[in-house]
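What follows is a short report on a single structure.
Just so you know, these numbers use all the heavy atoms, side chains as well, and skip hydrogens, waters and symmetry mates.
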Amino acid sequence: MAENLMVQCIVDGKEYRVDEGVYLADLSTAIRQRVKHDYPKAKVTDFICGHHLLKYRLANVDAMINSDLKQSHKINRKLTRAMQSDDYEITDVNETLNKSLTFGERVADNVARFGGSWGFIGIFVFVLISWMLVNGLQLFGVRFDRFPFILLNLVLSCISAIQAPIIMMSQNRSADRDRMAAENDFHVNLKSEHELRILHAKLDHLSQNQIPHTLEIEKLQIEILSEIHSELAELRQDRE
């Protein structure tokens, strides 16, 4: 019968039954390459017994575990360096600008804030109507600006001429605030993108290498345990 067929082991040269080992063609590529590394003249038709095959399987398991650990440590080091290497300090925009405020800038901010409110519009409309009623109807016997209210036009022009640069100063401060906020956002986004790239590399390593290796190691462990069980059974039979 085929099970009683005796074949020679490539390692020790002894003869074993076919069911006590495997041919190199039936081994995985990694284990077969390890055998060929020790025995360069080995062919895929050669036979290796289970006892010596156990050593190569254990060596292959150790190699896969060490490779995965080395790659994981490498990615972890890159991630740690990425989190520690950024020397840009995120600044508090409002606090920085408030510390550098001058008296003129404070006045400009207050004027711009008041000039863009409904309170200013209400007061402005009230003054205009009052001015035109007083001078048009001669209320209280006062008429200091006859129609077409040239003095009123002069006052409005002066207010506009003064208010415009004040608002521009406030807008310049808003532009500085936006610029500083944009710099903060840029550095935060750049750091986050770098860290995400490393995390994606780690996930790719887990899905493409470590998880398949884990499954292969489990498979090899089952084969190793089966081989150990077979050898124990043979030893038990020899004792009997």
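Under the 4.5 Å side-chain heavy-atom criterion for ILVMFWY residues, no single connected hydrophobic cluster contains both I167 and F124. Two different hydrophobic clusters hold M168 and I162 under the rule that ILVMFWY side chains link at heavy-atom gaps under 4.5 Å.
Checked by atom type, the side-chain pair D46/Y39 shows no donor-acceptor distance below 3.5 Å. Side chains of N60 and R57: no donor on one and acceptor on the other come within 3.5 Å.
A donor-acceptor pair under 3.5 Å is absent between the side-chain atoms of D109 and the main chain of S170, judged by distance alone. At distances below 3.5 Å, at least one donor-acceptor pair connects side-chain atoms of R32 with backbone N or O atoms of L24. When atom types are taken as modelled, the side chain of Q8 and the backbone of K14 share no donor-acceptor pair closer than 3.5 angstrom. Panel note: side chain N135, backbone F147; no donor-acceptor pair is recorded below 3.5 Å.
Under the 4.5 Å side-chain criterion, counting only non-hydrogen atoms from C-beta, V11 is not in contact with V35. Here the side chains of Y56 and L27 are not in contact, with every heavy-atom distance at 4.5 Å or above. Looking at V44 and K36, their side chains come closer than 4.5 Å, going by heavy atoms from C-beta outward.
Distance check, rounded to the nearest 0.5 Å: CD1 of I31 to CD1 of I48 gives 9.0 Å. Here the CZ atom belonging to F120 is positioned 15.0 Å from the CZ atom belonging to R113, to the nearest 0.5 angstrom. Rounding to the nearest 0.5 angstrom, the gap separating the CG atom in D185 from the CG atom in D178 is 10.5 Å. To the nearest 0.5 Å, atom OG of residue S157 and atom CG of residue L152 are 9.0 Å apart.
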**OP:** Kindly determine whether F149 and M132 satisfy side-chain contact (heavy atoms from CB on, under 4.5 Å), including the steps that lead there.
**Re:** CA-CA 8 Å; F149 310 116; M132 288 184 290; 3.8 Å; yes

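The two atoms that bring A59 and R34 nearest to each other are O-NH2, 3.8 Å, heavy atoms only. Of all heavy-atom pairs spanning I166 and A108, the tightest one is CG2-CA, 3.6 Å. Of all heavy-atom pairs spanning L151 and D145, the tightest one is N-OD1, 3.1 Å.
Taking the six-membered ring for Trp, F126 and W131 have ring centres at least 6.0 Å apart.
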